[in-house]
S.K.: 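Structure below; questions to follow.
Numbered from 1 within each chain, the chains take letters A, B, ... in sequence-line order. Just so it is clear, the structure is predicted and the values come from calculations on it, not from any experiment.
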Protein chains: 2
Amino acid sequence: MLDPVTRVRRFNRAVTRAVGALDTSFLGRGRPLGAARVLNAIGHGRSEVGEVRDYLGLDSGLMSRLLRSLEDEGLIETSAHGDDARRRVAKLTRAGKREFSAYEALSNSQAEDFLARNTQREALLAAMDLIASALGRDATDLREMDPRGDEARYCLGEYYAELARRFKQGFDVKLSRDPDAADMVRPRGSFVVAMSDGLPIGCVGLKGSGSEIAEIKRLWVAPSARGLGLGRRLMDAAEAAARELGIAVLRLDTNSALPEAGQLYRRTGWTEIPRFNDDPYPDLFFEKRL
Amino acid sequence: MLDPVTRVRRFNRAVTRAVGALDTSFLGRGRPLGAARVLNAIGHGRSEVGEVRDYLGLDSGLMSRLLRSLEDEGLIETSAHGDDARRRVAKLTRAGKREFSAYEALSNSQAEDFLARNTQREALLAAMDLIASALGRDATDLREMDPRGDEARYCLGEYYAELARRFKQGFDVKLSRDPDAADMVRPRGSFVVAMSDGLPIGCVGLKGSGSEIAEIKRLWVAPSARGLGLGRRLMDAAEAAARELGIAVLRLDTNSALPEAGQLYRRTGWTEIPRFNDDPYPDLFFEKRL
DNA sequence: GATAATATCTGACTAAAGTCAGATATCATG
DNA sequence: CATGATATCTGACTTTAGTCAGATATTATC
């Protein structure tokens, strides 16, 4: 009665019904679901036709016709892509934006209703984050980004907040050796953010020094995405970037209050070395030769 | 970036994609999705045509045609309902059972794959239970059942296990005044189980004594369904049953190690009274006049 | 600059889903 | 037992989704 497979299937059924309700609510605007989906994909910033087609898994003929029908309604305009005139980009017209925000309002109010109906808000949200991350794991992509960008700064903020929670003495960025952003940008270093459906859920920095030695910094994985192997993927990405930059030795410092991190390093070929800096927070130091 | 509505919507998107994958896997058996859904609904015990139609939200014409196509395939047989010859009941033939179990195997292996891909099994399952309960709340129905039935005994087992965990001194049913099952069956009393999509997720017993005083016993809500107001619904159902049975005074005992329970009682018109039995476990006693 | 590869579009389909107005048989009620 | 309500079925549709073989325009490659 309570075996894991049954529980997963009960979840699937519950969610299938809910998704069906969401879909039907989208039909209230006098447009087939397929067209509504394309409109929304474009509204959410997927401007290239091929990108939308892949995302929605549509046949190219069908995609083309759906685009035409939205164009006939006056909701979108298409034009050739600047770099490659075979590709087309679509954008919402003024009327399209209005229609898109009507769909947004529908989705939002449905989400709000769901939240309002339930008292366990935080527990529910945490559960949803976890499941969305687990389901979207294959869709999580690692992107090299500027550490000063919004996504990176969001991750770093969460990272600092977590350190402050987990270190007995708290954590103050200013006391730590905050890597200069320029050291985490090519050609000296790199910064990688894990994006899951538009939400940043992890990051790692590679802090170069111009020499053949570089440091791994700021490895963070959102609580909702832990246990899914994302830390390892991020570390692999950082190592790959280091190899591209001709770096021979990687170092990192960490703290024994973060046991998961130490475990990950030990399992992936890192060896403990003596302290190599005077940062007050770390008490464990690792090295890996590439 | 992290407002609750965005998080709910991210979950919705992740899940919509996953549900789509589940649906397409059902197409591998050479049958349109609609027919597959009807076959599975019947396989899961929804035998009456109208019941299946409501559950799947189908038009009666469409439903009828889907039934005919399954009949032509030799997968189901229909006959008139014993009590009302207008209604029809469908059941699987031998071939239908084979086909149904092929779909079951597909669903099971998909659920197993999902579990195998993830390391955080227990956390994921708990999150899924919570969400399934929250989504299925409107679909949770309270049914009066025999306390000796499978569902009731499952609930009671979980209830005892939880008491054992939460009482410092543990919990042994035999030391407690285990209500005789006959006292929780009409006409003396009642036993109500909350069923969510086939899974028992809560229960409550009304233990009558033949007099105008009865006791509430065994109020339990599955951890995955807490915070959704189910405890209150169960209590309301028990009270309603008590009124039907002509009971004037309800009593119950509980323990201060279960603060949620005490809070619920105080909020719903119960008043604390002196100890009225010598059961070793409870230390709080309540009464409510109907 | 010919050839292959790529991105999109068009035309001509088929299949599936959904709608709606009756038809038919049965049941409930006075 | 006539009347209205109910459950299902049939026929005649429309709409939506999906498929596939080319057509067209552009870009990449030798």
S.K.: Mapping A/Arg86 and A/Arg31 onto DNA chain D by nearest heavy atom, which one lands closer to the 5' end?
M.R.: A/Arg31
S.K.: What contact category does B/Asp84 fall into here, base, sugar-phosphate, or nothing, at under 4.0 angstrom with non-hydrogen atoms?
M.R.: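 Contact class for B/Asp84: sugar-phosphate only.
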S.K.: Using a 4.0 Å cut-off to any heavy atom of chain B, which nucleotides of DNA chain C are the first and last in contact, reading 5' to 3'?
M.R.: C/dA16 to C/dC27
S.K.: Which is more 5' along DNA chain C, the nucleotide nearest A/Ser60 or the one nearest B/Asp83? Just name the residue.
M.R.: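 Here A/Ser60 is the residue nearer the 5' end.
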S.K.: Which whole-number value in Å describes the distance from A/Leu62 CG to D/dT15 P?
M.R.: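 About 17 Å, once rounded to whole Å.
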S.K.: Give the rounded distance in Å between these two atoms: CE of B/Met63 and C1' of D/dT6.
M.R.: 16 Å
S.K.: Considering heavy-atom distances to DNA chain D, does A/Leu33 or B/Arg88 have its closest nucleotide positioned more toward the 5' end?
M.R.: B/Arg88
S.K.: Parallel, tilted or perpendicular: which describes the rings of B/His44 and B/Phe100, with under 30° parallel and over 60° perpendicular?
M.R.: perpendicular
S.K.: For A/Arg232, does the CZ atom sit with more than 12 other heavy atoms under 6.0 Å from it, leaving out its own atoms?
M.R.: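 Check fails, neighbour count at 12 or below.
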S.K.: With rounding to the nearest 0.5 Å, note down the distance linking NZ in A/Lys91 to CD1 in A/Ile42.
M.R.: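 Here the interatomic distance stands at 12.0 Å.
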S.K.: Look up atom OG in B/Ser190 and atom CG in B/Asp146, then write down how far apart they are to the nearest 0.5 Å.
M.R.: 10.5 Å
S.K.: Indicate whether any N or O donor in one side chain lies under 3.5 Å from an N or O acceptor in the other, for B/Ser69 and B/Asp72.
M.R.: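 There is no such pair between these side chains.
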S.K.: With a 4.0 Å cut-off on heavy atoms, is A/Arg65 in touch with a base, just the backbone sugar-phosphate, or nothing at all?
M.R.: base
S.K.: Are A/Phe11 and B/Asp129 close enough that some pair of their side-chain heavy atoms sits under 4.5 Å apart?
M.R.: no
